[in-house]
Amino acid sequence: MSDKRRERLMSYSGKNMVYSMLAVVGLAFAWWAIAPQPEEDQRRPVEVVQIADYAATQADWPVWSPVLGEDWTANTAEFATLEGVPTWRTGWTSPETTYVALRQAVDPTDGWRQDVLRGMQQQEDLMLPGPAGEQAWQVFTGVSDNDEDEVSLVLKPSGDQPAVTIVHGTADVAQMSTFVGSLQVVASE
């Protein structure tokens, strides 16, 4: 290697390296600053009607599904086996951005129930209107794994509905009541 080349390489200093690093960090920050940043988590709405129709054809009980306004957003819907039990399940985000979910199954196991009611305390029953008329729902309250207040409403099988129905989530009782009041029987074809 020639002496001139060696001198030129030796003249590069830590100062030049710092300038280069600042330039790279500045470009990265500029890229981050101009990239779109949504204010809240955006989820694609779920087509609950089609999945509820499928669940109604597969279930051995009348499947209930909510009919809510456009200010509610469906984010889950499935007919699947949970804890060894065929289950209809749908979840929604309320206008106040709280979560409300519905589960239905016939003869659920203790594990199926505890998956929702884990550690919750039973409160007084609440009379709520639903697809089968006004019925007594058991109210359970507790704290979720995320330290959020959680409410579960449990309707035992009765009359024409052999399924256990649980409405649960982080919504308050008033929002849960709105959700329960919007439940309708899905027609099976």
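Note: hydrogens, waters and symmetry copies are ignored here, and every other heavy atom, side chains too, is used.
In this structure, the separation between CD on Glu148 and CD on Glu150 is 8.0 Å, given to the nearest 0.5 Å. Leu155 CG to Leu102 CG: the interatomic distance, rounded to the nearest 0.5 Å, is 10.5 Å. To the nearest 0.5 Å, the span separating CG on Leu153 from CD1 on Ile166 amounts to 10.0 Å. From Gln104, atom CD reaches atom CH2 of Trp61 across 7.0 Å, with rounding to the nearest 0.5 Å.
Here the side chains of Asn75 and Trp92 are not in contact, with every heavy-atom distance at 4.5 Å or above. Looking at heavy atoms from C-beta onward, Pro66 lies in side-chain contact with Thr90 at the 4.5 angstrom threshold. Contact of the Val143 side chain with the Asp149 side chain is registered, since non-hydrogen atoms from C-beta on lie closer than 4.5 Å. Looking only at side-chain heavy atoms (C-beta outward), Val151 and His168 stay at 4.5 Å or farther from each other. Under the 4.5 Å side-chain criterion, counting only non-hydrogen atoms from C-beta, Asp115 is not in contact with Leu82. Two residues are said to be in side-chain contact when any heavy atoms from C-beta on lie closer than 4.5 Å; Gln123 and Gln121 meet this criterion. Between Val154 and Phe140, the closest side-chain pair of non-hydrogen atoms falls below 4.5 Å.
Of all non-hydrogen atoms in Ala105 and Pro86, the two that sit nearest each other are CB-O, 3.4 Å. The two residues Arg113 and Pro108 have their closest heavy-atom pair at NH2-CG, 3.8 Å. Nearest heavy atoms, Val48 versus Ser65: CG1-OG, 3.5 Å. Minimum heavy-atom separation, Ser158 to Gln135: OG-NE2, 2.9 Å. Nearest heavy-atom pair, Ala77 versus Trp88, reported as atom, atom and distance to 0.1 Å: CB-CH2, 4.2 Å.
The salt bridge (charged side-chain N to carboxylate O under 4.0 Å, His left out) analysis of residues 120-140, with sequence neighbours excluded, yields no pairs.
Residues Val167 and Leu117 fall into different hydrophobic clusters, defined by Ile, Leu, Val, Met, Phe, Trp and Tyr side chains chained together at heavy-atom separations under 4.5 Å. Hydrophobic clustering keeps Val164 apart from Phe79 (ILVMFWY residues linked when any side-chain heavy atoms are closer than 4.5 Å, directly or through intermediates). There is no path of hydrophobic side-chain contacts, each under 4.5 Å, that joins Val116 to Val106.
As a member of the Ile/Leu/Val/Met/Phe/Trp/Tyr network built from side-chain separations under 4.5 Å, Phe29 groups with Trp32.
At distances below 3.5 Å, not a single donor-acceptor pair connects side-chain atoms of Gln138 with backbone N or O atoms of Gln122. When atom types are taken as modelled, the side chain of Thr81 and the backbone of Gly84 share no donor-acceptor pair closer than 3.5 angstrom.
Ring-plane geometry between Trp64 and Trp137 is classed as tilted, the angle between the planes lying from 30 to 60 degrees on a 0 to 90 degree scale.
The salt bridge (charged side-chain N to carboxylate O under 4.0 Å, His left out) search around Arg89 returns Glu78, not counting sequence neighbours. Not counting sequence neighbours, the partners of Pro95 by the side-chain contact (heavy atoms from CB on, under 4.5 Å) test are Asp71, Trp72. Here Glu83 pairs with nothing under the salt bridge (charged side-chain N to carboxylate O under 4.0 Å, His left out) rule; sequence neighbours left out.
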Throw together a table of side-chain donor-acceptor distances under 3.5 angstrom for residues 169-186, partners on residues two or more places apart or in other chains.
unit_1: Thr170; atom_1: OG1; unit_2: Tyr99; atom_2: N; d: 2.9
unit_1: Asp172; atom_1: OD1; unit_2: Ala174; atom_2: N; d: 3.2
unit_1: Asp172; atom_1: OD1; unit_2: Gln175; atom_2: N; d: 2.8
unit_1: Gln175; atom_1: OE1; unit_2: Thr98; atom_2: OG1; d: 2.9
unit_1: Gln175; atom_1: OE1; unit_2: Asp172; atom_2: N; d: 3.3
unit_1: Gln175; atom_1: NE2; unit_2: Glu96; atom_2: OE1; d: 2.3
unit_1: Ser177; atom_1: OG; unit_2: Val173; atom_2: O; d: 2.8
unit_1: Thr178; atom_1: OG1; unit_2: Ala174; atom_2: O; d: 3.2
unit_1: Ser182; atom_1: OG; unit_2: Phe179; atom_2: O; d: 2.7

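For CE of Met127, the number of neighbouring non-hydrogen atoms (other residues, nucleotides, ligands) closer than 6.0 Å is greater than 12.
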